[in-house]
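Since the structure is predicted, the reported quantities are computational estimates derived from the model, not experimental observations. What's counted below: heavy atoms across the whole structure, side chains too, no hydrogens, waters or symmetry copies. Residue numbers run from 1 in the order of the sequence given.
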Amino acid sequence: MADSASNPPLPDEHRTISGGHLVAKALRAEGVDTVFTLCGGHIIDIYDGCADEGIDVLDVRHEQVAAHAADGYARITGRPGCAVVTAGPGTTDAVTGVANAFRAESPMLLIGGQGALSQHKMGSLQDLPHVDMMSPITKFAATVPRTERAADMVSMAFRESHHGAPGPSFLEIPRDVLDASVPVESARVPARYRASTRSAGDPESIERLADLLTHAEKPCILLGNQVWTCRATDSAVELVRSLDVPAFMNGAGRGTLAPDDPLHFQLARRHAFANADLIVIVGTPFDFRMGYGRRLSQQATVVQIDLDYRTVGRNRDVDLGIVGDADAVLSAVAQAATGRIDNGSSARKEWLRELREVEQAAYDKRLPRQLSTASPIDPYRLVHEINEFLTADSIYIGDGGDIVTFSGQVVQPKSPGHWMDPGPLGTLGVGVPFAMAAKHARPDKEVVCLFGDGAFSLTGWDFETMVRFGLPFVGIIGNNSSMNQIRYGQAQKYGAERDRIGNTLGDVPFSEFARMLGGHGEEVREPDQIGPALRRARDSGKPSLINVWIDPDVYAPGTMNQTMYK
């Protein structure tokens, strides 16, 4: 056998590269260091390319998990997430994850396999019109037509994912396109191509908002998802502190201000929206979570800031709309308001006292429930114990219906970017994949996830994936053996004698499931057992499930008001 000296490497003009390796090079150029996947014969050349490029491959048990994990990875890191799935059922399994990312404005790329172009319309294995299916729930969906275009089109997909409000893209790559090799010089791997999209909005509008804020007597601001998406925490904090503006937070915007900050409010939002003279909405659409804008006083001046021009003024008129990056806009407004002799903050002290009194009264009213010693356990006690358990380094994830509605009132992340929920699609099953993405991306952080028992059941088998990859987290299941959010609505609509149709689950001891798969598990039936069990889960260093049996006949106020349907 000839030695390597007698067979030197071919010069670049004679080297070839496969489609899968081009895809991996393009992913690496975009800053992707992890792909979430479930294997299939159509896509394995991408794995080979990832191995060469040093990209981690995390293989899961269901493609929905891969897509949710890519979504979660993007939220945690600020870099685009990527999932790779096979053709046909592999791609259709991932549809829910893509749809969730679409409504949540999360930048991710789903790559799906496809039968060979040489077998087009011949009935190849797992052949489906993927692009047609994905187009309505992505910002970009296309087929890679030639091997030489593989890297170029990955870059194109990411460019579209980050244009305006971010979102998912989809590429299908036929098997013969992916497996084929082409001369290196014929394929381009874009590396420096993306233009800045950080618009600061119209300068006149910035000045007008600064004037509105400095002259308002009763202003408030809602800091939504895009405050975290745009990494606008510092700008938001600077603005509200320099002008003494009370701040409410929702979605990933939670944690922008610490819970003990004097300008942080949570329970007085309805009062503020009904009585403020100026309401600034940042990165939050007027969708069902906002009562389609109807919860805002008609007498207030309303300002909406958003990355997407189509969101501004949808469902409700606004007095001022600014399309731009939350970080750039809030920073510019803060700068425009500085140096004024009177920025109005002294006139707002009475308004802040009024809101604090409303906030305290609401907290005091609920506190007995949070400290309840009842058995079965009051859900308020469970979420209170979780809130007490969280540290500044705890990433909190909510995955469920009624139990997560309880947690939204009580659980407060201690730091920016430490809250994750599915978003407006209301998808159950995001918990395990979000925990997987969060712990893999930020191993220095503690990950705490609250599940409903119904929600955990959808993707819970990937608890084994967490064990297999050594990704510890503290999982808590609020177990009422029911889909209680739906059960309540049925009882109200059809009567108590029909409240158990199609919504009742078995009494599952999930702690045994966790232990069977190599994790830590405990059953909790008394409220004073919750805290110690959480601490033991933390100390175990394993993926954990604390199965907490809660009262099935207690419902969250949001469930009883059926606010999600109004």
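- A heavy-atom distance below 4.5 Å is found between the side chains of I305 and L209.
- A search for ring-ring contact (aromatic ring centres under 6.0 Å, His included) contacts involving F451 returns F456, not counting sequence neighbours.
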Checking side chain to side chain contact (heavy atoms under 4.5 Å, CB included) for the pair T96/H68: CA distance, chi angles, key distance, verdict?
-> CA-CA 8 Å; T96 298; H68 283 319; 4.2 Å; yes
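- Going from atom CD1 of I550 over to atom CD1 of I477 covers 11.0 Å, rounded to the nearest 0.5 Å.
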Legend entry - Steps toward side chain to side chain contact (heavy atoms under 4.5 Å, CB included) verdict (L38, T86): CA-CA 7 Å; L38 198 158; T86 197; over 6 Å; no
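- Checking side-chain atoms of R487 against main-chain N and O of P552 turns up a donor-acceptor pair under 3.5 Å.
- Sorted pairs that involve residues 162-173 and meet salt bridge (charged side-chain N to carboxylate O under 4.0 Å, His left out), not counting sequence neighbours, are lacking altogether.
- Here the side chains of E30 and C82 are not in contact, with every heavy-atom distance at 4.5 Å or above.
- Counting only heavy atoms from C-beta outward, the side chains of D261 and V237 never approach each other to under 4.5 Å.
- No side-chain donor-acceptor contact under 3.5 Å links N225 to the backbone of G283.
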Evaluate side chain to side chain contact (heavy atoms under 4.5 Å, CB included) for Q226 paired with V282, printing each intermediate quantity in order.
CA-CA 7 Å; Q226 290 179 11; V282 185; 5.7 Å; no
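- The CG atom of L27 sits 7.0 Å away from the CG atom of L109 when rounded to the nearest 0.5 Å.
- In this structure, the side chains of K439 and P543 stay at 4.5 Å or more apart for every pair of heavy atoms.
- Between the side chain of R241 and the backbone N or O of L263 there is no donor-acceptor pair closer than 3.5 Å.
- The shortest heavy-atom contact between P433 and V65 is CB-O, 3.4 Å.
- Q485 pairs in a side chain to side chain donor-acceptor pair (under 3.5 Å) with only one of the listed residues (N503, T405, D402), which is T405.
- Residues meeting the ring-ring contact (aromatic ring centres under 6.0 Å, His included) test with F140, sequence neighbours left out: none.
- Note: H264 NE2 to L223 CG = 10.0 Å, rounded to the nearest 0.5 Å.
- Residues passing the side-chain hydrogen bond (donor to acceptor under 3.5 Å, both in side chains) test with E385, sequence neighbours excluded: R381.
- T37 pairs by the side-chain hydrogen bond (donor to acceptor under 3.5 Å, both in side chains) definition with Y47, not counting sequence neighbours.
- Judged by distance alone, with hydrogens and angles left aside, the side-chain atoms of K139 form a donor-acceptor pair with the main-chain N or O of A165 at under 3.5 Å.
- Applying the side-chain hydrogen bond (donor to acceptor under 3.5 Å, both in side chains) rule to T91 yields no partners; only residues at least two apart in sequence or on another chain are considered.
- The distance from atom OG of S481 to atom CG of L505, rounded to the nearest 0.5 Å, is 7.0 Å.
- By the 6.0 Å contact criterion, CZ on R231 is enclosed, its count of non-hydrogen atoms from other residues, nucleotides or ligands being greater than 12.
- In this structure, the side chain of N100 engages the main chain of P422 through a donor-acceptor pair within 3.5 Å.
- Between the side chains of R314 and T311, not a single donor N or O lies within less than 3.5 Å of an accepting N or O.
- Side chain of H384 to main chain of L382: no donor-acceptor pair is present (N/O by atom type, distance under 3.5 Å, no hydrogens or angles).
- Sorted by first and then second residue, the salt bridge (charged side-chain N to carboxylate O under 4.0 Å, His left out) pairs involving residues 470-480 (not counting sequence neighbours) form an empty list.
- Between L296 and M290 the shortest heavy-atom distance is CD2-CE, 4.1 Å.
- For the pair W461 and L517, the minimum side-chain heavy-atom distance is below 4.5 Å.
- Within the 3.5 Å criterion, the main-chain N or O of G429 finds a donor-acceptor partner in the side chain of T459.
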Throw together a table of side-chain donor-acceptor distances under 3.5 angstrom for residues 386-394, partners on residues two or more places apart or in other chains.
unit_1: N387; atom_1: OD1; unit_2: Q412; atom_2: N; d: 2.9
unit_1: T391; atom_1: OG1; unit_2: D393; atom_2: N; d: 3.1
unit_1: T391; atom_1: OG1; unit_2: S394; atom_2: OG; d: 3.2
unit_1: D393; atom_1: OD1; unit_2: K445; atom_2: NZ; d: 3.0
unit_1: S394; atom_1: OG; unit_2: T391; atom_2: N; d: 2.9
unit_1: S394; atom_1: OG; unit_2: E446; atom_2: OE1; d: 2.6

Return a table of donor-acceptor pairs under 3.5 angstrom between the side chains of residues 316-323 and protein atoms on other chains or two or more places apart.
unit_1: R316; atom_1: NE; unit_2: G293; atom_2: O; d: 3.1
unit_1: R316; atom_1: NH2; unit_2: S297; atom_2: O; d: 3.0
unit_1: D319; atom_1: OD2; unit_2: V302; atom_2: N; d: 2.8

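- Within a 6.0 Å sphere centred on CG of D234, other residues, nucleotides and ligands contribute 12 heavy atoms or fewer.
- Residues C449 and F434 have side chains not in contact (no heavy-atom distance under 4.5 Å, counting atoms from C-beta outward).
- Using a 30° and 60° split on the angle between ring planes, F513 and F510 fall in the perpendicular class, above 60°.
- Listed by chain and number, the residues in a side-chain hydrogen bond (donor to acceptor under 3.5 Å, both in side chains) with R79 are D33, Y73 (sequence neighbours excluded).
- Donor-acceptor pairing under 3.5 Å is lacking for the side chains of Q370 and Y363.
- Atoms NE2 and OG1, from H162 and T229 in turn, are 11.0 Å apart once rounded to the nearest 0.5 Å.
- Closest approach of H440 and P443 over heavy atoms only: O-CD, 3.6 Å.
- Proximity of a side-chain donor or acceptor of R75 to a complementary backbone N or O of D421 within less than 3.5 Å is detected.
- Here the side chains of F406 and T559 are not in contact, with every heavy-atom distance at 4.5 Å or above.
- Screening residues 469-483 for salt bridge (charged side-chain N to carboxylate O under 4.0 Å, His left out), with sequence neighbours left out, gives no hits.
- Between A537 and V474, the shortest heavy-atom contact is CB-CG1, 4.1 Å.
- The distance from the CD1 atom of I221 to the OG1 atom of T256 is 9.5 Å, given to the nearest 0.5 Å.
- A donor-acceptor distance shorter than 3.5 angstrom exists from the side chain of S106 to the backbone of D71, with no hydrogens or angles considered.
- In terms of heavy atoms, G88 sits closest to L128 at CA-CD1, 3.8 Å.
- A salt bridge (charged side-chain N to carboxylate O under 4.0 Å, His left out) check over residues 88-109, counting only residues at least two apart or in different chains, returns nothing.
- Contact annotation: the side chain of I395 never approaches that of F473 to less than 4.5 Å [non-hydrogen atoms, C-beta and beyond].
- Looking only at distances, a side-chain donor or acceptor of R254 sits under 3.5 Å from a matching main-chain atom of G408.
- Nearest heavy atoms, S331 versus S235: CB-OG, 3.5 Å.
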